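Working notes, beginning with the structure itself.
Chain naming here is simple, since letters A, B, ... match the order of the sequence lines and numbering starts at 1 in each. The model shown is predicted, which means the values in this text are computed figures rather than measured ones.
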2 protein chains.
Amino acid sequence: MKEKATSFDIAHHAGVSQSTVSRALRNSPLVNKETREKVQAIARELNYKVDKNASNLRRQHSKTLALLLFEDPTSDNSLINPFFLSMLGSITRASANAGYDLLISFQNLSDDWHAEYEDSNKADGIILLGYGDYTEYCTKLTQLEAQNTHFVRWGALDDEHPGVSIGCDNFQGGFDVTQHLLDLGRKQFAFIGGADSRAPEFFARYQGYYKALTLADVAQCAVQQDAISTEDSGYSATLSLLKRHPDIDAIVCASDLIAIGVLRALRDSNISIPQQIAVVGFDNVPVASFATPSLTTVKQDTILAGEILVDSLLRLIAGEEVEHYLMHVDLVIRQSSGA
Amino acid sequence: MKEKATSFDIAHHAGVSQSTVSRALRNSPLVNKETREKVQAIARELNYKVDKNASNLRRQHSKTLALLLFEDPTSDNSLINPFFLSMLGSITRASANAGYDLLISFQNLSDDWHAEYEDSNKADGIILLGYGDYTEYCTKLTQLEAQNTHFVRWGALDDEHPGVSIGCDNFQGGFDVTQHLLDLGRKQFAFIGGADSRAPEFFARYQGYYKALTLADVAQCAVQQDAISTEDSGYSATLSLLKRHPDIDAIVCASDLIAIGVLRALRDSNISIPQQIAVVGFDNVPVASFATPSLTTVKQDTILAGEILVDSLLRLIAGEEVEHYLMHVDLVIRQSSGA
DNA sequence: CTGAAAGCGCTTACAG
DNA sequence: CTGAAAGCGCTTACAG
C-alpha cells in the first residue's frame, strides 16, 4: 500500500514550510498567489487530501451531520417507512451542498443514541426522524438539550417539548381530507390510527378530522380505531372496525401505509371502494398512486422538509435562534375517495 | 455550552494517569479491575465520550464506511431508485453491527469522488451503488484501485473490470422470466432496456432473455428497444415499439421501473395485459405488487445483498482476498405474465 | 507574505 | 499493573 502523502511531503516538494502548505490549500489570502498555485499543483499531483481526522481534531468540529432514523418497533428488518426514505434524498443533498457529510444510522428508541454522536465529535448536529412512542422519546430529547447537543427533529410541533421541530400541518391535513369526504356526501366516519399523545402527529390528524366532522355536525357518530403505521396493522384494524361498525361509509387513515392495508381488507371483505366505503390516507408515499383504487391522500413536501431540516440544524450549529417550522400540506385527490 | 470532558479530566477525578484512563475505557486487560471500574464509573458520570477525531487520527482509521450512490442522469432530484433504497437499510444495519459508521453521499459519475473518501481518512472503505454508463465508471474504478482504495460495488460481475463486485445473476433472471413466458405460450418477444456494454447488468438480462428464446427457437423474431431505467423511458419506448411491431405478445423489461411505464403505455393504447401482451419486470421493487395488473418480476435479495457488500468490504479492509459474489435470483409470479 | 512552534485528544510503545 | 512521553496530521496564533 502506497504511503499517503502528508502536508509535510507537499512542503518538502514545494520548498516551503508546512504551515504555508496548509494555508495555501485552504486558499488563505495570506499566501502569495504563485506560492499557492505551486503548492496546489503539487498537492494534486501527489493526490494529497487533507486528513479529516487531523483537521477536525484541530478545529474541534466534524463537518458532519448525523441522521438518526427510528423505526416502528414492529416493522421487519428490511422495511424503512417509505415516507422517511423520500426525505433521505433531500437531506443528503442539502447536507452535501452545505459542505457537510451525512452519517446515517437506524436506532431503537431505547438505544443510548442521545449521547453518542455529538459528544464524541462524530457529528456537529443531529437530525431525528421517525415515529415512536412520544413519551419515551421526549425524555431523551430533554437529555439531548441538557447536553447542549444541536438537534432538530421531524415531527409534531409542540411548544412544550424540547428542541426545535419541523413538521407538516397535520391538523390541517386531517381537516382538509375529511372535509373533502364530507363534500362528497359521506356521513359515517371512522379514523384508523392512534389518536393520543403517544403519537402526536397522528393525534393532530385525528383532531383535524374531528374538527371537520364537528363543524359538519356529524361528529357524534364518528368512530376511531387504533393502528400503528403498517399495512398489516391497517388490515386488522379494518376487520375489527367492520365488525363493530358495519355501517360506515368513509375511512380516514392516519397514514398511507395504514390505508394500503385498509384497501386490502375492504377488498377481501367484498366491499367496493369508493362506492360503499371511501378511503383516504396521509403522506402520499410512492405506492399511493399505484394502489387499487389509487389513493386520495395528503401530500407533505418531503424535498422541502429535508432542506428545512438541514438548514435549521446548520443555523442552530452556527448559534442562531431557530424557530419551529410548520409546513403546508396539499390534498391529492385520486380514486379512493370517489371524487 | 458546557465544556466537554477529556480523558485528562477523568484521570484527574480518578486519581490515575491519562494513559490508564485510556486503557480502562478500552477494556484493556492490562488494567486492574477495580481501577477500570472506577474509571468507567467516572466517565459515565461525566458523560465522557472518546473523541473520535483524536482516536481515529491516532489509530489511522476512521471506523466508517462510505456509501456512494450514483443516479441515473435523468432522474429528478427527488427520486432515488427504489431498488437501491431497499438495499440501504441492510447496508446501514450491517455496518452498524460491525461497529462502523456509515457515511452516505449521492454522486454524479463525473464528480471527483474517486479520491475523496479514503484518501482523506473519512472512510476506511467505499461501497458503490448505482447504474450509469459503465465505460465512464470503469475509468474511475481503475483509479480507485491504483490508489489502493478499498471498495466493493454492486453490479455486473466481470472478471476484467477492476475491484470486487457483488451482483445478482442477471443472466439467469433474464432467462427464467423469459422461459416463464415461453411456457405460457408466448411467441413474439420484445426486450425493453439497454442491451449493450454500457449497461452490463441490463445486457446480461438481455442475454438471458435471448438465450431462452434461442433454445425455444423463437429468437429470430425477437426485438429489442432501448430504454433507461425510468418509468417515462419505459413509456415512450413502448410507444415506439408498438409502432414498429404491433404484433408482439410479450415484453420483457430490463427493470421494474421500465415495466411500470410499459404497463401505463399499454393501458393508454387500450391493449389488455396480459391477454394481448404479457409484461414482466426485474427487481421486485415495492410498487411491483401494487401495479395494475400486479407485475411478474425477478426478485433480488436486497437484504442479503447489503450484508454481503458490507462483509466483503470489511474483509477487504482486513487485508483478505475477496472474491466476486453472484447472487441467486427468484422468479416472482403475479398477474402481468398471465400465469 | 512566511516559518517555527504549540496544541487539538487520543493510543501505545517503552520503562518500571 | 501503571505512568511519562511521543506522535498521529493538521490549524493557527505568534513573531518576523
Who pairs with B/Thr302 by side chain to side chain contact (heavy atoms under 4.5 Å, CB included), at least two apart in sequence or on another chain?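 Here the qualifying residues are B/Phe83, B/Ser86, B/Met87.
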Atom pair distance, as rounded to whole Å: [atom1] in [X] and [atom2] in [N]:
X        : N     : atom1 : atom2 : answer
A/Asp9   : D/dC8 : CG    : C1'   : 14 Å
A/Lys38  : C/dC1 : NZ    : P     : 15 Å
B/Lys122 : D/dC8 : NZ    : P     : 23 Å

Results of salt bridge (charged side-chain N to carboxylate O under 4.0 Å, His left out) for [X] - residues two or more places apart only:
X        : answer
B/Lys52  : none
A/Glu34  : none
A/Glu323 : none
A/Asp51  : none

I need the single residue from A/Leu25, A/Asn32, A/Val31 that forms a side chain to side chain contact (heavy atoms under 4.5 Å, CB included) with A/Val39. Which is it?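 In the set A/Leu25, A/Asn32, A/Val31, the residue that makes a side chain to side chain contact (heavy atoms under 4.5 Å, CB included) with A/Val39 is A/Leu25.
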Mind checking what makes side chain to side chain donor-acceptor pair (under 3.5 Å) contact with A/Ser312, not counting sequence neighbours?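 A/Ser312: no side chain to side chain donor-acceptor pair (under 3.5 Å) contacts found.
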Taking only residues two or more places apart in sequence or in another chain, which ones pass side chain to side chain donor-acceptor pair (under 3.5 Å) with A/Asn53?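 A/Asn53 satisfies side chain to side chain donor-acceptor pair (under 3.5 Å) with no other residue.
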Reading 5' to 3' and counting Watson-Crick or G-U wobble pairs with both distances under 3.5 Å, write the dot-bracket notation for DNA chain D, | for bases paired outside the strand. |||.||||||||.|||
Interatomic distance at P, C/dA6 relative to C/dT2, whole Å: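 Here C/dA6 and C/dT2 have their P atoms 23 Å from each other.
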Classify every nucleotide of nucleotides 9-16 of chain D by which part a protein heavy atom approaches to under 4.0 Å, writing B for the base, S for the sugar-phosphate alone and - for neither, in 5'-to-3' order. BBBBBB--
